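This one's a predicted model, so the numbers in the text were calculated from it and none came from an experiment. A, B, ... follow the sequence lines: proteins, then strands. Residue 1 opens every chain.
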Protein chains: 2
Amino acid sequence: MNLVCATCPVRDRAACSVLDDNERENLARRGHHRTLEAGEVLFRAGEKVNSCATLTTGALKVTSIDADGQEHILALVHPAGFIGEFFQPFDDHEIVALTQSQVCLFNGPDIESAMDEYPALARALLRRAQEDLHASRSLLALAGKSDAQAQVAGLIMGFAQAASDSPCHPAQKFELPLSRADCANMLGLTIETVSRKITALEKMGAIVRTGKRGIELVDPAQLSDLAAG
Amino acid sequence: MNLVCATCPVRDRAACSVLDDNERENLARRGHHRTLEAGEVLFRAGEKVNSCATLTTGALKVTSIDADGQEHILALVHPAGFIGEFFQPFDDHEIVALTQSQVCLFNGPDIESAMDEYPALARALLRRAQEDLHASRSLLALAGKSDAQAQVAGLIMGFAQAASDSPCHPAQKFELPLSRADCANMLGLTIETVSRKITALEKMGAIVRTGKRGIELVDPAQLSDLAAG
DNA sequence: CGGTGTCTTGAAGTCCGTCAATCCCCGTGG
DNA sequence: CCACGGGGATTGACGGACTTCAAGACACCG
């Protein structure tokens, strides 16, 4: 499907938003849409990936498959996020849709030539890469904590921030974007431990659960304290 | 001290290597050298950092200080590595020298205007950022393993790769760049556990220790197996 | 020779992982 | 409508792995 940028939900936030309408139109002619169902794989591990993508709707996860077959979640991708590595195309990461998602796909060489043509695009991608790096390091700090309670509390706070409109205040009520299995996977814990810690958070009055995935923050300060602990 | 690129040990590998001699000379006029002693801090957490740097000799660590005062190592920086985030200058990371080190320091705005002037520089920094991202995710995968033996084995393999000249074969004999405390910090373990696991690796014949930090790989295949497990 | 810092080794305790049973929610089909 | 079944989530009991606490070994330096 051809790209129609005029109606793109991330046209003001994605990397391509630094281009003017004409430039964007030129780029759009070289890309196309793709819809992914939940669980569908965008880039498979071990394949030589020579394309890249911007996520417009939905959510993706970046995982690595260890030598022993264990999956590990390395990052989440939100709308306007960019996926693609130009310089080492043999990638050992796998990109999987968490929910039904839509991406703008481009061939690597097309984006590279577009960067030559429009230097602002390279700057925008640099910015995205640095943001991704920051997010990755935040996750590293979280996963490195020795206390499981702190990890789970921190993860919930992170999701609350991500679910919020404002960048400084967490959402008070939101849905976890991940299953327990995926939460456990991000933190290097087991499903059971995550479940137990969430239960503990509810028992001590920091949160209230609504349904499987729903979370309501009752005492964010307590949650932050636990995340620090 | 003014920069003298002609004798720079990373002149062929750093981000600025994409510039020609004249361009590099222009950039060099806006930067200066700084020497750091082991343990000295380059950028302190909580400060508004508005400068960036390329490491020419030595080694740095990137750490985050948690709310509870715990330090966590997020990344190591090797010569030719770049440090600096342009887009969110309030950084909660701290950059510390592991050994005596030398850096090329630049003001953020100077680098930004240089990127405008020389688009190749933005491309080069994008490449570095993506490499850093990849390294960060590799560390995340390592730190996320549930088995301490696998983590330590993987860390040693990683250091062996980094110490090697060739990118595909690990060095057979090398020095650990980090103290036990820093190793433990990277993996989210304790000093004692790291020490015990290294001892175990030696007892099972995978490695031999020489002095405090020296490692000799006796059975790299076994080490890789353990790292996978 | 004593002091300090780093590393190692040992013993006891705690937290998390493993295994297993159960529950809950939903969709399916009799 | 209710029974059945499957996937995800919760809960419990137990064992093992790592942490904690403490002591000792080793090198380096005054």
Side-chain angles (χ1 to χ4, degrees), chain A residues 37-39 61 66 68-73 98-99 142-156 159 175-204 207-215 226 229, chain B residues 37-39 61 66 68-73 98-99 142-156 159 175-204 207-215 226 229:
Chain A
E37 296 305 317
K61 64 177 174 182
D66 295 356
D68 57 343
Q70 284 293 311
E71 176 187 342
H72 196 127
I73 296 185
L98 288 169
T99 64
L142 190 61
K145 288 188 176 297
S146 46
D147 181 14
Q149 189 70 271
Q151 292 183 61
V152 172
L155 189 67
I156 290 177
F159 286 149
E175 296 273 311
L176 292 176
L178 294 158
S179 69
R180 295 288 185 274
D182 282 337
C183 288
N185 223 325
M186 284 190 82
L187 298 174
L189 300 170
T190 59
I191 297 176
E192 295 94 324
T193 302
V194 172
S195 179
R196 271 187 260 265
K197 294 309 175 190
I198 292 180
T199 306
L201 289 175
E202 188 171 32
K203 278 200 178 128
M204 67 183 68
I207 63 170
V208 171
R209 273 182 292 190
T210 60
K212 295 272 189 207
R213 301 275 188 94
I215 296 282
L226 290 166
Chain B
E37 297 305 317
K61 64 179 175 181
D66 295 356
D68 57 342
Q70 284 295 309
E71 174 185 343
H72 196 128
I73 296 184
L98 288 169
T99 64
L142 189 62
K145 287 190 177 296
S146 46
D147 181 13
Q149 189 70 270
Q151 292 183 60
V152 172
L155 189 67
I156 290 177
F159 286 149
E175 296 273 311
L176 291 177
L178 288 121
S179 69
R180 295 288 185 274
D182 281 338
C183 287
N185 223 325
M186 284 190 80
L187 299 173
L189 299 171
T190 59
I191 297 176
E192 294 95 324
T193 302
V194 172
S195 178
R196 273 185 259 265
K197 294 308 174 188
I198 291 180
T199 306
L201 288 175
E202 187 172 31
K203 278 199 179 129
M204 67 182 69
I207 63 171
V208 170
R209 273 181 293 190
T210 60
K212 296 273 189 208
R213 301 273 188 96
I215 296 282
L226 289 167

(Q) Under 4.0 Å, heavy atoms only, any strand: does A:S179 hit a base, just the sugar-phosphate, or nothing? (A)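 Sugar-phosphate contact only.
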**Q.** Covered region of DNA chain C, 5' end to 3' end, by chain B [heavy atoms, under 4.0 Å]
**A.**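 Result: C:dT6 to C:dA11.
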Q. So, is A:T199 near the phosphate of D:dT11, with a side-chain N or O under 4.0 Å from OP1 or OP2?
A.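 Checking A:T199 against D:dT11: at least one side-chain N or O falls below 4.0 Å of OP1 or OP2.
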Q: Kindly say if B:K197 contacts the phosphate of D:dC18, meaning a side-chain N or O under 4.0 Å from OP1 or OP2.
A: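 Indeed, a polar side-chain atom of B:K197 lies that close.
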Q: With sequence neighbours left out, write down each residue that passes salt bridge (Lys or Arg N to Asp or Glu O under 4.0 Å) with B:R209, or none if nothing qualifies.
A: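 If we apply the salt bridge (Lys or Arg N to Asp or Glu O under 4.0 Å) test to B:R209, skipping adjacent residues, the hits are B:E202.
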Q: Whole angstrom is fine here: how far is it from CG in A:D182 over to P in D:dG7?
A: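 Computing the A:D182:CG to D:dG7:P distance gives 16 Å.
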**Q.** Separation of D:dT11 P from A:L201 CG (nearest whole Å)
**A.**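 Atom-to-atom, A:L201 to D:dT11, this comes out as 13 Å.
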Q: Write out all pairs satisfying salt bridge (charged side-chain N to carboxylate O under 4.0 Å, His left out) with one or both partners inside residues 178-192 of chain B, taking only residues at least two apart or from two chains.
A: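 Passing the test, one end in residues 178-192 of chain B: B:K61-B:D182.
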Q.
To check you understand the geometry: which heavy-atom pair defines the closest contact between B:T193 and B:A148, and what is its length?
A.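 Nearest heavy atoms, B:T193 then B:A148: CG2-CB, 4.0 Å.
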Q. Which pair of non-hydrogen atoms, one from B:C183 and one from B:V194, has the smallest distance, and what is that distance?
A.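 That closest heavy-atom pairing would be CB-CG1, 4.2 Å.
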Under the side chain to side chain contact (heavy atoms under 4.5 Å, CB included) test, which residues partner [X], sequence neighbours left out?
X      : value
A:Q149 : A:D147, A:K197, A:A200, A:L201, A:M204, A:L226
A:D66  : A:S64, A:D68, A:Q70, B:K145
A:A38  : none

Q | First of A:D147 and B:R196 reached from the 5' end of DNA chain C, by closest nucleotide | A |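 Nearest nucleotide further toward 5': that of B:R196.
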(Q) On DNA chain C, does the nearest nucleotide to A:L189 precede the nearest nucleotide to B:R209 from the 5' side, or the other way round? Give the residue. (A)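 That would be B:R209.
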Q) Got A:I198 and A:I207 here, is their nearest side-chain heavy-atom distance under 4.5 Å? A)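 Result yes, sub-4.5 Å side-chain heavy-atom pair found.
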Q: Determine whether B:R213 and B:S179 make a side-chain contact, defined as any pair of heavy atoms from C-beta on separated by less than 4.5 Å.
A: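 Yes - at least one pair of side-chain heavy atoms lies under 4.5 Å apart.
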Q.
Using the side-chain hydrogen bond (donor to acceptor under 3.5 Å, both in side chains) criterion, which residues pair with A:S195? Sequence neighbours excluded.
A.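 With sequence neighbours excluded, A:S195 shows a side-chain hydrogen bond (donor to acceptor under 3.5 Å, both in side chains) to no residue whatsoever.
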(Q) Return the CD1 to CG distance between A:I73 and A:L178, rounded to the nearest 0.5 Å. (A)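 A:I73 atom CD1 to A:L178 atom CG measures 5.5 Å (nearest 0.5 Å).
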**Q.** Nearest to side-chain heavy atoms of A:R213, which nucleotide of D:dC18, D:dA9, D:dT11
**A.**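 The nucleotide sitting nearest to the side chain is D:dA9.
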(Q) Let's see if you can work this out: which of D:dG12, D:dT10, D:dT19 has an atom nearest to the side-chain heavy atoms of A:I191? (A)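 Between D:dG12, D:dT10, D:dT19, the one nearest the side chain of A:I191 would be D:dT10.
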**Q.** Presence of donor-acceptor pair under 3.5 Å, side chain of A:R180 and base of D:dT11
**A.**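 Check fails, no donor-acceptor contact within cut-off.
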Q. How bent is the helix from C:dC1-D:dG30 to C:dG30-D:dC1, comparing axes over its five end pairs at each side, to the nearest 10°?
A.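 Nearest ten degrees gives 20° for this helix.
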Q: For A:A181 and for A:S146, find the nucleotide of DNA chain D with the closest heavy atom, then tell me which residue's nucleotide is more 5'.
A: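 Nearest-nucleotide comparison on DNA chain D picks A:A181.
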Q: Produce a footprint string for nucleotides 22-30 of chain D: one letter per nucleotide, 5' end first; B if the base is under 4.0 Å from any protein heavy atom, S if only the sugar-phosphate is, - if neither.
A: ---------
